[in-house]
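Not measured: the values here are computed from a predicted model.
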Amino acid sequence: MKQIYLITMILLIGSLTTMAQNLPKGIQVAPVLLEERENQLVLEMDIHVQAEAMTEKQSWTFKPILMTTDSPETVRMPEVMVNGKIKTQLFKRKEKFQNERLMANYPEIRIDKKPRRDTTFHYSFRAPYEHWMDQASLQVNLLLTSCADVETAFTIHDIARITLPPYIPYHPRVKVNYLTPEKEVKILHREGAAYLDFKVGSSVILPDFRRNPQELAKIEELLAQVFNDSDFELSRLSITGYASPEGSWASNDRLSLARAEALRQYVAGKYSSTRRFIQVRHVPEDWEGLVRMIREGEMTSKEKVLEIIETVSDPDTRESRLRALEGGRPFRYMLEEMFPSLRRVVYRVEFTVKEYSLEESGAIMQKNPEQLNHYELTQLYRSFPDHSPEQEKIGDLIITMFPDDPVAANNTIARWIENNQIEKATPYIEKAAEVPAAYNTVGAYYLLTENPDKAEAWFRKALQAASQGDTPYSKQDVELHLQEVEKKREDLKIRERYNKAKTSIAD
């Protein structure tokens with residue numbers, strides 16, 4: 001029998017609203033409270049014995065028991081006896097003349113019922129709660145005893161089931177860390193492609209020839225943007241000439257280089273200060289560009305064309321095979337629709353950008369945010385109130401501009417954790433995990449996504465990192481997180497219990 005912590009019996013005289021039960025006539029049980037409360041089993045119930053339920057020579061014995069259908073575990077609760085007037089007198093004689101050992105067989109709690117009156121008594125019971133009780137129900141066995149000790153037994157099944165308190169998931173307390181990116185030289189670039197026309201046998205750029213005015217205007221406009229902005233300083237101008245695959249490799253090698261050199265000379269003539277920054281390369285035949293256009297296009301026999309390109313290593317033999325394929329139809333299509341786009345000169349202008357103050361960064365943010373580096377954007381982010389629209393806008397911009405930076409990934413995860421939008425942090429976990437400074441944040445993510453095993457693993461790594469070097473989090477921070485991991489494990493066990501209990505009730 002389970003240990004009893006508290007039993008209270010309150011004798012009440014009066015009427016009671018009853019709940020429907022298959023009970024002996026004149027016996028009513030209502031209401032019944034059966035629940036877990038602060039790790040205690042709590043039972044509260046009222047039992048009503050009407051005047052006609054017994055004679056003065058009879059007694060009722062109530063034997064509550066908590067039990068399950070599939071477990072041997074039970075809790076037998078204190079029994080209560082209600083005696084009629086004559087039965088009460090008999091008990092008094094027994095108490096006077098019988099020894100204590102014999103009296104121990106009778107319920108300790110006995111109530112004397114007044115003649116021709118209804119009796120209501122309140123039954124209260126407490127005991128330590130055990131998990132098997134989740135599926136338990138209350139049963140009351142009744143015994144009607146006559147004057148001659150003739151007994152009639154009744155059983156009230158499944159009076160009430162355990163009510164568990166509302167499950168409120170435990171939300172771990174976490175402390176995330178924001179990282180500061182290192183200051184760095186800002187190198188930006190602009191690039192484009194010029195499709196220049198040359199006279200036959202010439203590699204000299206004629207500014208007014210065919211499409212050349214429009215093509216040259218594009219690169220001049222780009223260079224003007226760099227030279228006319230005092231915040232910019234030119235660091236490199238790369239020029240790469242390309243030729244299409246028709247003709248011999250040797251001829252195209254000379255042609256592609258000549259086109260690149262022609263643009264170099266044109267730019268140097270226009271902007272003499274660029275001369276020392278110009279680098280020239282050339283690609284004799286742009287097969288890579290051709291393959292990309294074929295894959296993206298809808299030309300016929302594309303798989304046969306691609307097979308020749310990918311399996312024939314010598315470029316002149318490759319061209320010859322393509323010309324012979326299906327009577328030359330695929331080659332003529334490429335010559336007309338694709339090759340013109342491959343004859344070009346690609347240019348890339350690289351320049352450094354001055355370092356901006358916080359005030360200047362705010363102004364640049366409104367017009368050209370790409371001119372700010374990671375450090376400047378982070379300082380600007382921190383200048384606004386936490387979770388303000390301005391801060392959120394800059395936070396989104398940082399991870400867009402620096403998607404491969406672990407610092408940006410860590411700070412984005414921390415931001416979404418603080419905003420209680422943990423699901424948005426998922427894409428950045430793998431990148432953040434690349435640096436020890438982010439281990440604590442990664443662990444917090446896994447803890448909040450209810451993966452305590454992974455959380456513990458990352459917190460262990462964070463603890464080791466904090467012990468060996470300078471980290472933005474302390475050993476104490478990580479140790480507190482490890483305590484939260486254990487709390488979450490216990491919480492998940494409780495959830496599993498509740499789900500199991502709900503399933504049992506539904507069945």
Side-chain angles (χ1 to χ4, degrees), residues 189-223 236-268 278-349:
H189 70 271
R190 303 283 190 272
E191 56 187 30
Y195 298 90
L196 300 171
D197 292 313
F198 298 87
K199 286 189 175 181
V200 177
S202 172
S203 60
V204 177
I205 294 178
L206 300 178
D208 297 326
F209 187 62
R210 294 182 180 174
R211 297 175 298 176
N212 290 354
Q214 296 85 358
E215 295 301 308
L216 292 173
K218 292 189 294 184
I219 188 171
E220 290 179 16
E221 181 182 358
L222 178 55
L223 289 169
R236 180 183 300 169
L237 173 55
S238 300
I239 296 176
T240 305
Y242 291 85
S244 55
E246 81 274 16
S248 70
W249 174 272
S251 175
N252 288 330
D253 184 43
R254 292 189 299 270
L255 182 60
S256 59
L257 178 58
R259 287 174 177 170
E261 284 290 343
L263 185 59
R264 182 188 68 79
Q265 292 175 14
Y266 179 84
V267 171
I278 299 178
Q279 295 180 350
V280 173
R281 295 176 58 251
H282 70 293
V283 177
E285 295 180 355
D286 189 11
W287 290 99
E288 183 179 328
L290 177 60
V291 168
R292 183 170 57 252
M293 295 175 71
I294 293 172
R295 292 190 186 280
E296 294 174 355
E298 298 297 331
M299 69 174 291
T300 59
S301 305
K302 87 159 45 173
E303 296 304 325
K304 293 180 180 180
V305 171
L306 289 173
E307 183 182 2
I308 292 174
I309 294 174
E310 293 169 355
T311 58
V312 179
S313 58
D314 179 69
D316 290 338
T317 305
R318 187 187 304 154
E319 180 187 349
S320 178
R321 292 275 300 275
L322 288 173
R323 286 180 180 274
L325 179 67
E326 296 182 358
R329 287 187 298 276
F331 190 84
R332 287 193 295 273
Y333 174 84
M334 291 187 291
L335 189 65
E336 295 175 3
E337 301 295 333
M338 298 181 179
F339 285 4
S341 297
L342 301 178
R343 305 168 193 141
R344 69 202 187 280
V345 180
V346 171
Y347 48 86
R348 177 185 172 98
V349 180

Please lay out, stage by stage, how Arg332 and Glu336 fare under the test salt bridge (Lys or Arg N to Asp or Glu O under 4.0 Å).
CA-CA 6 Å; Arg332 287 193 295 273; Glu336 295 175 3; over 6 Å; no
Check step by step if side-chain contact (heavy atoms from CB on, under 4.5 Å) holds for Glu288 and Val283.
CA-CA 10 Å; Glu288 183 179 328; Val283 177; over 6 Å; no
Going from [atom1] on [X] to [atom2] on [Y], what distance comes out if it is rounded to the nearest 0.5 angstrom?
X: Lys302; Y: Met293; atom1: NZ; atom2: CE; value: 12.0 Å
X: Leu322; Y: Ser301; atom1: CG; atom2: OG; value: 11.0 Å
X: Leu196; Y: Asn212; atom1: CG; atom2: CG; value: 5.0 Å
X: Leu342; Y: Trp287; atom1: CG; atom2: CH2; value: 10.0 Å
X: Ile239; Y: His282; atom1: CD1; atom2: NE2; value: 14.0 Å
X: Arg281; Y: Arg348; atom1: CZ; atom2: CZ; value: 11.5 Å

Kindly give the heavy-atom pair with the smallest separation between [X] and [Y], and that separation in Å.
X: Pro284; Y: Ala243; answer: O-CB, 2.9 Å
X: Pro245; Y: Glu319; answer: O-OE1, 3.1 Å
X: Ala260; Y: Gly241; answer: CB-N, 3.6 Å
X: Gly247; Y: Arg323; answer: N-NH2, 4.3 Å
X: Tyr195; Y: Ser341; answer: CE2-O, 3.2 Å
X: Ser256; Y: Tyr242; answer: CB-C, 4.0 Å

Could you tell me whether Arg190 atom CZ has more than 12 heavy atoms of other residues or ligands within 6.0 Å of it?
yes
If you count the non-hydrogen atoms of other residues, nucleotides and ligands that lie under 6.0 Å from CD in Glu191, is the total more than 12?
yes
Close side-chain approach of [X] to [Y], heavy-atom, < 4.5 Å:
X: Glu307; Y: Glu303; answer: no
X: Glu285; Y: Leu290; answer: no
X: Val349; Y: Ile219; answer: no

Sequence neighbours excluded, the answer for salt bridge (charged side-chain N to carboxylate O under 4.0 Å, His left out) partners of Glu326 is Lys304
Asp197: partners by salt bridge (charged side-chain N to carboxylate O under 4.0 Å, His left out), with sequence neighbours left out:
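With neighbours one apart ignored, the set is Arg211.
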Partner residues of Tyr266 under the ring-ring contact (aromatic ring centres under 6.0 Å, His included) criterion, sequence neighbours left out
none
With side-chain contact (heavy atoms from CB on, under 4.5 Å) as the test, would you mind laying out the steps for Tyr347 and Val267 before giving the verdict?
CA-CA 11 Å; Tyr347 48 86; Val267 171; over 6 Å; no
With Leu263 as reference, evaluate Leu237, Ile205, Val280 under the side-chain contact (heavy atoms from CB on, under 4.5 Å) test and give the passing residue.
Ile205
If we check side chain to side chain donor-acceptor pair (under 3.5 Å) with Lys218, which of these qualifies: Glu215, Gln214, Glu221?
Glu215
Mind checking what makes side-chain hydrogen bond (donor to acceptor under 3.5 Å, both in side chains) contact with Asp208, not counting sequence neighbours?
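Checked Asp208 against side-chain hydrogen bond (donor to acceptor under 3.5 Å, both in side chains); zero matches.
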Quick one: side chain to side chain contact (heavy atoms under 4.5 Å, CB included) partners of Glu337, sequence neighbours excluded?
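For Glu337, the residues satisfying side chain to side chain contact (heavy atoms under 4.5 Å, CB included) (neighbours in sequence not counted) are Tyr333.
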Could you walk me through whether Glu246 and Arg343 pass the salt bridge (Lys or Arg N to Asp or Glu O under 4.0 Å) check?
CA-CA 11 Å; Glu246 81 274 16; Arg343 305 168 193 141; 2.7 Å; yes
Kindly state each residue pair satisfying salt bridge (charged side-chain N to carboxylate O under 4.0 Å, His left out) with at least one member in residues 248-265, sequence neighbours excluded.
Glu261-Arg264
